[in-house]
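Structure first, then comments.
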Amino acid sequence: MAQLDRSVEVLISEQEIRRRVAELAEELKPCLRWADTVAVVALKGGMVFASDLLRALPPIGGVDFIQARSYGAGTSSSGSVELVTGPQLDLSGRSVLLIDDIADTGRTCSFLRDHIASLGARDLRLVTLLDKPSRRTHSVDLFRTGFVIPDRFVVGYGLDLDERYRNLPYIGALI
Ligand code: IMP
Ligand code: MG
């Protein structure tokens, strides 16, 4: 159980996130045929980012969800990834935008990517809100990312520590 009384230092403010998400949407707009694209949102961490990003994009062909588990309790990785829920839509031959919270070691993103590719996606692009490249052990082909961050454990805007802090409107670090 996480301590209940830890304070959070703001690393990326609500305003900075809003600005960058709008910018990302503009960068993405010309890159995909949106009416033929399915957004696959990686739960649970990707949900807040995805809900803001998707509303800034053109009308899309579909939205679905995928969930993998890689972290146990706390801030260290359990070392293995398993699929909890897969997408329900048929992705074969579809263009897919995979939306995740963070590429940390990269293990989860690569796992999700491989899984979606195995379902027959034709054109698969990965977008994350955050990129922590200093911790990478598995290479990930990030099409776009919101912010490159240093090696600190962050919470908020979808990201949790033992399920807490997900609904903070900013990205923070525990102090
Ligand atoms: P991976 O190490 O890239 O496989 O990251 C797996 C998952 O761990 C991510 O999708 C996040 O949900 C979570 N995670 C990684 N780094 C952080 C962090 O700094 N804060 C909160 N969750 C994190
Ligand atoms: Mg987590």
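Read the numbers this way: they start at 1 and go in the same order the structure lists the ligands and their atoms.
A side-chain contact (heavy atoms from CB on, under 4.5 Å) with Gln67 is found for exactly one of Val84, Leu83, Val41, Leu112, namely Val84.
Under a 4.0 angstrom heavy-atom cut-off, Thr137 registers as lying outside contact with ligand 1. Residue contacts with ligand 1 leave out Cys109, since none of its heavy atoms falls under 4.0 Å from the ligand. Remark: distances from the non-hydrogen atoms of Arg136 to ligand 1 are all 4.0 Å or more. The shortest separation from a heavy atom of Arg152 to ligand 1 is under 4.0 Å, placing the residue in contact.
Of all the atoms in ligand 1, the ones that sit under 4.0 Å from a non-hydrogen atom of Arg107 are 3 (O), 4 (O). The distance from ligand 1 to the heavy atoms of Asp101 drops below 4.0 Å at these ligand atoms: 9 (C), 10 (O), 11 (C), 12 (O). Close approach of ligand 1 to Thr105 is summarised as follows: ligand atoms under 4.0 Å from at least one heavy atom of the residue are 1 (P), 2 (O), 3 (O), 4 (O).
Note that the CG atom of Asp104 and the CG atom of Leu130 stand 10.0 Å from one another [nearest 0.5 Å]. Of the inter-residue distances, the one linking Ser80 atom OG with Glu82 atom CD reads 6.5 Å to the nearest 0.5 angstrom. Atom CZ in Arg135 sits 9.0 Å away from atom CZ in Phe153 (nearest 0.5 Å).
Looking at ligand 1, you won't find any N or O of Ala103 less than 3.5 Å from one of its N or O atoms. Considering both main-chain and side-chain atoms, Leu159 never comes within under 3.5 Å of ligand 1 through any nitrogen or oxygen pair.
Shortest distance from the Mg ion (ligand 2) to Asp160 is reached at OD1 (N/O/S atoms only).
Among the atoms of Asp162, no N, O or S atom is found under 2.8 Å from the Mg ion (ligand 2).
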Q.
Would Leu126 and Asp141 count as a side chain to side chain contact (heavy atoms under 4.5 Å, CB included) here? Give the steps.
A. CA-CA 7 Å; Leu126 169 64; Asp141 183 9; over 6 Å; no
Q: Could you go through the salt bridge (charged side-chain N to carboxylate O under 4.0 Å, His left out) check for Arg136 and Asp131 one step at a time?
A: CA-CA 9 Å; Arg136 200 75 93 251; Asp131 180 15; 2.6 Å; yes
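Between Asp100, Leu130, Ile102, it is Ile102 that holds the heavy atom closest to atom 9 (C) of ligand 1. Taking each of Ile171, Val154, Asp104 in turn, the one with a heavy atom nearest to atom 16 (N) of ligand 1 proves to be Asp104.
Salt bridge Glu23/Arg144: absent, no basic N to carboxylate O contact under 4.0 Å. In summary, Glu14 and Arg19 do not engage in a salt bridge, as defined by a charged side-chain N under 4.0 Å from a carboxylate O.
Looking only at atom types and distance, the side chain of Tyr157 has no donor-acceptor partner in the side chain of Asn167 under 3.5 Å away.
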